[in-house]
Amino acid sequence: MTEPDQVCPIILCGGSGTRLWPLSRKSYPKQFAQILGDRSLFQQAALRFGQGGFAAPTIVTGSDFRFIVTEQLAEVGIRPGTILIEPEPRNTAPAILVAVLALVARNPDAPDPIVLIAPSDHAIPDSAAFGDAVARGRVAAAQGKIVTFGITPDRPETGYGYLELAARPGADGAPVDLLRFVEKPEADRARAMLASGNFLWNAGIFLARASDLVAAFRQHAPDVLAPVERSLAAARADLGFLRLDPAAFAQAPSISVDYAVMEKAPNLAVVPFSAGWSDLGDWDAVWREQPADADGVALSGPAAAIDCHDTLLRAESEGQVLIGIGLDNMIAVAMPDAVLVAPKDRAQDVKKAVDLLKARGQRQAETLPRDYRPWGWYETLVLGPRFQVKRIVVNPGAALSLQSHHHRSEHWIVVEGTARVTVGDKVQLLGENQSVYIPLGAVHRMENPGKVPMVLIEVQTGSYLGEDDIVRYDDIYARGQGAKG
């Protein structure tokens, strides 16, 4: 139950993260990656709201990511409120509205809650300062304002939208009325706005009473409100998640909350924030946020620089070394299956690389080498015409589905931990250096009964090795046939 004086966070956890390719991909977008520090951006966002004054967060995400969300929250000790599963991405307006409606439905007897809507993939290093900014906005929100947060610009940035204020922000950081939203400007216009002093970057974070947000949708975006209400009314519980009704949700227009509501609403105010923020929208933004040496070189992973300046070198695999020589204003990001090299001023063009790979049908466009599942993860080590070798890691207490395959047989070799293996009617425990053969068509299951991760090598042989060659008979994660998440 939400306490009356608590702010109720809503964390938006969708998106494909193409501008931080190859680290961020559709199969595992940037909010789940450890881009800055040893926690993911999503975990950092959840911890930002784990301090006093905030209720348990409501999360909006997709089906493929629901177990990643719960696992990452558990790792940092955060207990969520409702986790809503979008049947398909419909941009921010439907996602925000359904979360607000679900929050009100969950607390029907509570006073009108103040809701804080935040993306899961932004960097805000000073959580205490952000909490102070939220506190400054609460009075305006309680008086019926929809409060957004404007970042004090330190450069004429052309990659952000702006907020034009009715007056220059005061030293006390009190809310200022919003005149209008401004689209991403050209360089000359950005310089003029920076000089004027009454333009702030649009952080895409909102604070308001739930009733005022719903009223704004009712007035300005009724075509969003009606299908979202139906999708929530027909939602069904699924292992602690709430799945929105697909047919109703598909009727909602795919539109951002700025276009649907905020640019039309007359009751907006802006809280200035100058304690550090980035949407990490491209690799140049990551370079700005990472610690760098005296030459402006930021290193991550097994990377090294020789005579480089203002450059980001990032290697994501311990078995792969990245060396830069004589680079100026460059980005180099090395993954086991893809490498990006580009000038920093072309960082926003990375999406073109993703589009090119998609047009060629290459899996690197959207899929990481490591595939995360509810029970752990796997990666392909070797792939041939009729065989595949995988490394599989199963979390303690986790189990794969009871399944069979039409087109392949498998050999399993345990290399760490203990596996409980079912093949037909036989159940056995396998320790390190022990193996088992799974004939084609045999019903089988793999489980980790131990308290440490279990690692095995799987060798598949057969005429077809695709992940859709799985017939599920029983699954503790309630996945349907062919489902990944």
Parallel, tilted or perpendicular: ring planes of [X] versus [Y], cut at 30 and 60 degrees:
X      : Y      : result
His122 : Trp277 : perpendicular
Tyr28  : Phe32  : tilted
Phe67  : Tyr477 : perpendicular
Trp201 : Tyr160 : perpendicular
Phe149 : Phe130 : tilted

Backbone of [Y] reached by a side-chain donor or acceptor of [X] within 3.5 Å:
X      : Y      : result
Glu458 : Tyr378 : no
Trp283 : Trp21  : yes
Arg25  : Thr367 : yes
Glu316 : Gly301 : no
Ser27  : Leu368 : yes
Gln403 : Ser401 : yes
Asp126 : Ala275 : no
Thr58  : Ala99  : no

Report the residues that fulfil salt bridge (charged side-chain N to carboxylate O under 4.0 Å, His left out) with Arg155, sequence neighbours left out, ordered by chain and then residue number.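 Salt bridge (charged side-chain N to carboxylate O under 4.0 Å, His left out) list for Arg155, sorted by chain: Glu157.
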
Within a strict 4.5 Å, meaning less than it, do heavy atoms of the [X] and [Y] side chains meet?
X      : Y      : value
Val427 : Arg420 : yes
Val423 : Tyr437 : no
Asp279 : Pro119 : no
Phe273 : Ile205 : no
Arg391 : Ile457 : yes
Pro302 : Glu318 : yes
Gln290 : Ser300 : yes
Val436 : His444 : no

If you measure from [atom1] on [X] to [atom2] on [Y], what distance do you get to the nearest 0.5 Å?
X      : Y      : atom1 : atom2 : answer
Ile78  : Gln72  : CD1   : CD    : 12.5 Å
Leu244 : Ser63  : CG    : OG    : 11.0 Å
Asp293 : His309 : CG    : NE2   : 8.5 Å
Met335 : Arg314 : CE    : CZ    : 9.5 Å
Glu447 : Trp375 : CD    : CH2   : 13.5 Å
Leu456 : Leu430 : CG    : CG    : 9.0 Å

Please evaluate residues Arg66 and Arg243 with respect to the criterion side-chain contact (heavy atoms from CB on, under 4.5 Å), reporting the C-alpha separation (whole Å), side-chain torsions for both, the decisive distance (0.1 Å), and the verdict. CA-CA 10 Å; Arg66 67 193 192 279; Arg243 286 187 175 273; 3.2 Å; yes

Show the nearest heavy-atom pair for residues [X] and [Y], with the distance to one decimal.
X      : Y      : value
Leu313 : Gly324 : CD1-N, 3.8 Å
Gly159 : Gln348 : CA-NE2, 3.3 Å
Pro343 : Met330 : CA-SD, 3.7 Å
Arg445 : Ala399 : CD-CB, 4.4 Å
Pro153 : Leu200 : CD-CD2, 3.9 Å
Ala315 : Leu322 : CB-CB, 4.0 Å

Answer yes if the side chains of Thr461 and Ser409 hold a donor-acceptor pair under 3.5 Å, and no otherwise.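 Present: a donor and an acceptor within the cut-off.
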
Leu12 and Thr92: side-chain contact (heavy atoms from CB on, under 4.5 Å), yes or no, with the steps? CA-CA 8 Å; Leu12 305 179; Thr92 55; 4.3 Å; yes

May I have the step-by-step check of side-chain contact (heavy atoms from CB on, under 4.5 Å) for Gln434 and Gln428, ending in yes or no? CA-CA 11 Å; Gln434 293 184 305; Gln428 58 183 313; over 6 Å; no

Show the numbers, then the answer: is there a salt bridge (charged side-chain N to carboxylate O under 4.0 Å, His left out) between Asp284 and Lys344? CA-CA 6 Å; Asp284 185 43; Lys344 283 206 287 94; 3.5 Å; yes

If we check side-chain contact (heavy atoms from CB on, under 4.5 Å) with Val350, which of these qualifies: Leu20, Leu340, Thr18?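 Of the listed options, the one satisfying the test is Leu340.
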
Does the separation of the ring centres of Phe181 and Tyr259 fall below 6.0 angstrom?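 Between Phe181 and Tyr259, the centre distance exceeds or equals 6.0 Å.
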
Dump the intermediate steps for side-chain contact (heavy atoms from CB on, under 4.5 Å) on Leu400 and Val394, then the final yes or no. CA-CA 8 Å; Leu400 281 68; Val394 183; 3.9 Å; yes

NZ/NE/NH1/NH2 to OD/OE distance under 4.0 Å, Asp188 and Arg191: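 Arg191 and Asp188: salt-bridged.
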
Under 4.0 Å between a Lys/Arg side-chain N and an Asp/Glu carboxylate O for Arg136 and Asp132?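 Judged by the 4.0 Å cut-off on N to carboxylate O distance, Arg136 and Asp132 do not form a salt bridge.
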
My understanding is that only one of Lys390, His405, Gln388 makes a side-chain hydrogen bond (donor to acceptor under 3.5 Å, both in side chains) with Glu410; could you say which?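 Checked Lys390, His405, Gln388 against Glu410; only one passes side-chain hydrogen bond (donor to acceptor under 3.5 Å, both in side chains): His405.
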
Check this for me: [X], atom [atom1], are more than 12 non-hydrogen atoms of other residues, nucleotides or ligands nearer than 6.0 Å?
X      : atom1 : answer
Arg346 : CZ    : no
His406 : NE2   : no
Glu467 : CD    : yes

